[in-house]
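This report refers to the structure that appears directly beneath it.
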Amino acid sequence: MSITVTLVRSDTLREVVADGTTGLDLFGEDRTIVACRVNGEIKDLHLPLPDGATVEPVLIGSPDGLNILRHSCAHVAAQAVQNLHEEAKLGIGPPITDGFYYDFMLDEPFTPEALKALEKQMQRIIKEKQSFRRRVVTDEEARVELADEPFKLELITDKGSANAEDGSSMEVGAGDLTIYENVRRNGERAWEDLCRGPHVPHTGYIPAFALTRSSAAYWRGDQKNQQLQRLYGTAWPSRDELKDYQTRMAEAAKRDHRKLGSELDLFSFPDEIGSGLPVFHPKGALIKMQMENYSRQRHLEAGYSFVSTPHITKGHLFETSKHLDWYADGMYPPMRVDEERDEDGTVVKPGVDYYLKPMNCPMHNLIFSSRGRSYRELPLRLFEFGSVYRYEKSGVVHGLTRARGFTQDDAHIYCTREQMKDELTRLLTFVLDLLKDYGLDDFYLELSTRDPEKSVGDDATWEEATRTLAEVAHASGLELVDDPGGAAFYGPKISVQAKDAIGRTWQLSTIQLDFFEPGLFNLEYTAADGSRQQPVMIHRALFGSIERFFGVLLEHYAGAFPVWLAPVQVVGIPVAGEFTGYLDEVAEKLRARGVRVEVDSSDDRMQKKIRNAQKQKVPYMLIAGGDDRAAGAVSFRYRDGEQKNGVPIDEAIEEIVEAIARKVQV
RNA sequence: GCCACCUUAGCUCAGUAGGUAGAGCGACGCUCUCGUAAAGCGUAGGUCACCGGUUCGAUUCCGGUAGGUGGCUCCA
């Protein structure tokens, strides 16, 4: 008996092989082939191939191959956990970006020492080269075999409804229910798990891995469920790639905005003020001011009107806007003022509750409705750097990117339904152009649609709003990702996701359509025919929060801001003290051109001054000694260490001024 | 909010198996006046996060609080 298979390689060829031939027979020599695609479906290498099959190897470094590697590594981790803790119950263990996790119900916490012990155990399992064997089972058989695994039993029961989002699809997918056994070379079964597969042929196919951290995780991602312990790991096709990954993580840690913030003396979070409430030091505040100033200028050019509103308000405003219905948990509790009590403590005059505002829109609405509005005024674009306060849960506060007090570059655009689409198109262009000026240029869009359980309004209106946003997003030509159920309660939104210098994505701008708040606030304008009409409202913030955007830029540039944003643009460094006066003169000329320049007149040696300026990531060092003074020149030292000696003063000034004006990175 | 871990000088970190602490950098002072990433010497600086408990004695052990880190859930 023989069968014919078509091997998809660099050169496609048909081969006649014996019946019963497996992927391992074809590819077993090559450890970089972890599975095969049989007629388009990924299968384990140990399975016999059907006659006439088209067989394509799955390489360990391919996206599918990496997932298989990492998911197999998750199994090894789970076996290690159960080897050391018989009582541990299995949750799920899918591959994720760069690695995998596995959830367990286990009383004993995964401490850093425990991770080390587990890694050792995993190495032992890998050394044993245990085969992964696939076995099809009925629901009943699976229930019997996994009687001790309550979470797996739940997955068996729910397999029809298993969705990809909670990772359970890795355990039970569509089709047959399967168990993967780990079998030692002497044939003895080491471990097994309910799993859809596929897997690498044996544990020896895992070349490099590390356990990275542990955490708590709710079963199936739901806060109402039991909390499990999650073990995170990473796995790579080679030791070098693992090392590269670890280096990348270390590099990312070096540009952490919280670390750079204190190293560069930009901002801090004094305990005395409270969690998530930053103060900006002079250099940080200067960068922030530059960011704001340029944004203001662009908003003026784009036809925005500037407004300004208070930080606190009577609670009634947020009753009108429904925020107190929906997001009271996210607000600081009220301040009760003007309440009077008698000696017994009985209230004789009720007080009024004031709230710190978590959003600016209700106040902007009041400006809109402060007088009658004509259709001729629309679109009316009200802009404000509005400070808001949100009582973020203690565990989520994170540097500048998730603070409790921050300032939004917030605007609300009131327009007619007819104007809506053009306005959104214009707005999206404006957003992307502005972000580019700050040095971000790699974007994609996300469209967040309605969550029926957390929203107000009727289906038809939601549908229209969602469709309009989708059309505008498509027209931009950018990649569009769906985010079902991610909308705000009052309307759908587009958010702009930007990639930074090391490839991480950040959600920045949001553009939200709102058909409901205008109704809640009875906003109206007089149309051309004299009728009263309700405007459509667009909420938009480009930076999101200035503080957060600051943090993103700080990490994007690793602290080395482009000249126009750098708090100190030029440091003058005399070769010796006697040249300080000469540099002071140069600095004076630069200052006259608006350049932020300092001359380092400390009694450090020149080398130390260079080191200091370098560590502060100052874009230009101007060094001057006898040669320069004699020639009426200065010597440049750039951040990359390059130098340019003997540049005439006027030329040097022009170079710097031009780099600032062009907003370039140097 | 939940789980784990952490908090010692301005910063980075040692240390004390319970007897109130040390380095480097930084700051300040003096000497040096120097050509592309750290000159030399000296001085000051700490209720060992805070509050309780155990103890003759707590920075160290226990409990609580605050702040932080990594995740989870959340993010108008």
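Sequence lines set the chain letters: A, B, ... in the order given, protein chains first and strands last, and positions in each chain run from 1.
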(request) For B/C11 and B/G53, measure between their C1' atoms and round to the nearest Å. (result) 34 Å
Quick test: give all pairs of protein nitrogen or oxygen and nucleotides 65-70 of chain B nitrogen or oxygen below 3.5 Å, distance rounded to 0.1 Å.
unit_1 : atom_1 : unit_2   : atom_2 : d
B/G67  : O2'    : A/Asp271 : OD1    : 3.0
B/G68  : OP1    : A/Ser275 : OG     : 3.0
B/G68  : OP2    : A/Ser275 : OG     : 3.0
B/U69  : OP1    : A/Arg258 : NH1    : 2.7
B/G70  : OP1    : A/Arg258 : NH2    : 2.9
B/G70  : OP2    : A/Arg258 : NH1    : 3.3
B/G70  : OP2    : A/His398 : ND1    : 3.4

(request) Using the P atom on both, measure B/U16 against B/A21 and round to a whole Å. (result) 14 Å
Protein N or O to nucleotides 10-12 of chain B N or O, pairs below 3.5 Å:
none

(message) I'd like to compare against my own output: the B/S/- annotation of nucleotides 34-46 of chain B with a strict under-4.0 Å heavy-atom distance to protein.
(response) BBBBBB-------
(request) Considering just the side-chain nitrogens and oxygens of A/Tyr218, establish if one lies under 4.0 Å of OP1 or OP2 belonging to B/G1. (result) no
(request) Could you give the distance separating B/U54 and B/G64 at their C1' atoms, to the nearest angstrom? (result) 15 Å
(request) Dot-bracket for RNA chain B, please, read 5' to 3', with Watson-Crick or G-U wobble pairs under 3.5 Å on both distances, ( ) within the strand, [ ] crossing, | other strand, . unpaired. (result) (((((((..((((.....[..)))).(((((.......))))).....(((((..]....))))))))))))....
(request) Flag the pair A/Arg402 and A/Glu392 as a salt bridge only when some basic side-chain nitrogen lies within less than 4.0 angstrom of an acidic carboxylate oxygen. (result) yes
(request) For A/Glu263, check side-chain hydrogen bond (donor to acceptor under 3.5 Å, both in side chains) against everything at least two apart and list the hits. (result) A/Lys259
(request) Using the closest heavy atom to pick a nucleotide of RNA chain B for each, name whichever of A/Arg390 or A/Gln229 lands nearer the 5' end. (result) A/Gln229
(request) Determine whether more than 12 heavy atoms belonging to other residues, nucleotides or ligands lie under 6.0 Å from atom CZ of A/Phe280. (result) yes
(message) Tell me every residue that passes side-chain hydrogen bond (donor to acceptor under 3.5 Å, both in side chains) with A/Glu517, counting only those two or more places apart in sequence or in another chain.
(response) A/Asn365
